[in-house]
Amino acid sequence: MDKIKINVSMAVIRRLPKYYRYLDELVEKGITRISSKEFGKILGFTASQIRQDLNCFGGFGQQGYGYNVRELRDEIANILGLHKPNNAIIVGAGNLGQAIANYSGFRGSGFVLKAMFDINPRLVGISIGDIKIMDIDDMGEFIENTDINVGIICTPKEGAQSVAKRLTGEGIKAIWNFAPTDLEVPENVIVENVQLSESLMVLAYLMNERDRMENAQ
Ligand code: NAI
């Protein structure tokens with residue numbers, strides 16, 4: 001995300017999915033309005049943090065009323081771009097690629113998985129649910145004919161850069177990268193890296209800190 005200039009800080013943007021998830025749950029429960037204080041309590045943020053975050057997008061609450069839950073959820077969905085479906089493909093149909101293909105929450109996030117691609121001829125032709133694994137050599141034509149705008153990289157790290165080059169060469173401008181490597185891409189291409197192991201290391205750090213503090217007492 002470094003190369004694309006955005007006006008709102010990434011820290012705020014990374015909190016928006018959490019706002020959306022909780023608001024969606026409140027709508028499901030039939031709750032129609034909520035104060036920033038109550039909402040903060042649910043989220044574990046302060047009321048002023050919530051007001052500050054939402055003010056980045058114009059602010060949506062009303063003094064003395066709080067937030068209309070459904071309206072705020074829909075506004076956040078709009079800000080996140082969840083209303084426009086994005087067509088995605090997975091490259092690398094191994095363990096992780098297949099697990100992502102099986103993930104049912106895809107559509108709720110505005111993404112529609114259209115196909116998977118792999119170099120292994122033993123995987124080509126197999127389907128994961130209703131998603132077909134295709135030969136990587138058919139990827140260019142598929143992207144062109146199916147209006148694909150997101151590439152999900154689930155190959156080993158050695159192949160990831162060449163896959164990214166191939167995807168961007170076919171006009172893909174957004175990559176969800178699971179391979180543990182930093183990709184070099186043209187200026188206008190967005191790369192969102194996801195690393196479970198980095199999250200685990202943060203957990204390890206926090207456990208370490210807690211133990212250190214407890215031992216110091
Ligand atoms: P895997 O070996 O089961 O699957 C990799 C697949 O990629 C294989 O089917 C292979 O044929 C295919 N492949 C290799 N080169 C290719 C290319 N150039 N074009 C198309 N397909 C290609 O491996 P697994 O466990 O699914 O892991 C895949 C990647 O995801 C690895 O880089 C791994 O480190 C990473 N990973 C990342 C996680 C995360 O949190 N970001 C979690 C788990 C794995």
Side-chain angles (χ1 to χ4, degrees), residues 1-4 6 10-11 13-18 20-21 80-82 86-186 189-209:
M1 278 306 283
D2 296 331
K3 292 177 189 159
I4 303 279
I6 40 177
M10 279 309 289
I13 292 167
R14 293 206 184 277
R15 283 195 286 274
L16 288 181
K18 187 167 176 177
Y20 178 79
R21 182 159 53 86
L80 287 169
L82 304 185
N86 289 299
N87 291 334
I89 54 170
I90 291 175
V91 186
N95 291 314
L96 182 66
Q98 294 190 22
I100 293 175
N102 274 318
Y103 171 54
S104 61
F106 235 90
R107 258 173 207 272
S109 311
F111 290 85
V112 182
L113 186 60
K114 292 289 186 182
M116 302 172 83
F117 292 89
D118 207 287
I119 47 170
N120 183 347
R122 275 181 297 181
L123 289 175
V124 172
I126 293 174
S127 289
I128 306 299
D130 56 357
I131 305 299
K132 218 169 167 186
I133 302 176
M134 299 171 68
D135 191 310
I136 190 81
D137 288 336
D138 296 330
M139 190 172 77
E141 200 184 333
F142 188 87
I143 288 175
E144 202 178 313
N145 294 337
T146 323
D147 194 22
I148 299 297
N149 49 4
V150 180
I152 304 172
I153 299 183
C154 296
T155 64
K157 76 172 180 190
E158 295 72 26
Q161 182 58 52
S162 74
V163 168
K165 194 166 177 213
R166 215 158 160 173
L167 285 167
T168 55
E170 299 293 348
I172 296 292
K173 295 205 166 52
I175 293 177
W176 201 24
N177 176 40
F178 285 83
T181 187
D182 291 323
L183 301 173
E184 282 178 30
V185 293
V189 173
I190 299 165
V191 178
E192 174 69 6
N193 294 299
V194 185
Q195 285 304 327
L196 295 181
S197 55
E198 287 177 13
S199 177
L200 258 189
M201 286 178 206
V202 172
L203 182 67
Y205 168 82
L206 293 172
M207 289 162 67
N208 216 15
E209 275 300 285

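Atoms within each ligand, like the ligands themselves, are counted from 1 in listed order. This chain uses plain numbering: 1 for the first residue, then up along the sequence. Everything numeric here is computed off the predicted structure, so don't read it as measured data. Every heavy atom of this structure was used, including side-chain atoms; hydrogens, water molecules and symmetry mates were not.
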Phe111 meets the ring-ring contact (aromatic ring centres under 6.0 Å, His included) criterion, sequence neighbours left out, with none
Could you go through residues 159-166 and list every donor-acceptor pair under 3.5 Å that involves a side-chain atom there, pairing it with any protein atom two or more places apart or in another chain?
unit_1 : atom_1 : unit_2 : atom_2 : d
Gln161 : OE1    : Glu184 : N      : 2.8
Gln161 : NE2    : Glu184 : O      : 2.9
Ser162 : OG     : Gly159 : O      : 3.1
Arg166 : NH2    : Asp137 : OD1    : 2.9

Here the pair of heavy atoms bringing Ala101 nearest to Met116 is CB-SD, 3.8 Å
Name the atoms and distances for all side-chain donor-acceptor pairs under 3.5 Å in residues 141-150, with sequence neighbours left out.
unit_1 : atom_1 : unit_2 : atom_2 : d
Asn145 : ND2    : Glu141 : O      : 3.3
Thr146 : OG1    : Phe142 : O      : 2.7
Asn149 : OD1    : Asn87  : N      : 3.0
Asn149 : ND2    : Asn86  : OD1    : 3.1

Item to check | Asp118 (side chain) donor-acceptor with Ala93 (main chain) under 3.5 angstrom | outcome: yes
Would you tabulate the polar-atom pairs, meaning N/O of ligand 1 against N/O of the protein, with distances under 3.5 Å, reported to 0.1 Å?
unit_1   : atom_1 : unit_2 : atom_2 : d
ligand 1 : 3 (O)  : Asn95  : N      : 2.9
ligand 1 : 3 (O)  : Asn95  : ND2    : 3.3
ligand 1 : 9 (O)  : Asp118 : OD1    : 3.4
ligand 1 : 9 (O)  : Asp118 : OD2    : 2.7
ligand 1 : 11 (O) : Asp118 : OD1    : 2.6
ligand 1 : 26 (O) : Asn95  : N      : 3.1
ligand 1 : 26 (O) : Leu96  : N      : 2.7
ligand 1 : 32 (O) : Thr155 : O      : 2.7
ligand 1 : 40 (O) : Leu196 : N      : 2.6
ligand 1 : 41 (N) : Phe178 : O      : 3.0
ligand 1 : 41 (N) : Val194 : O      : 2.5
ligand 1 : 41 (N) : Gln195 : OE1    : 3.4

Give a yes or no answer on whether the side chain of Asn177 reaches the backbone of Thr181 with a donor-acceptor pair at less than 3.5 Å.
yes
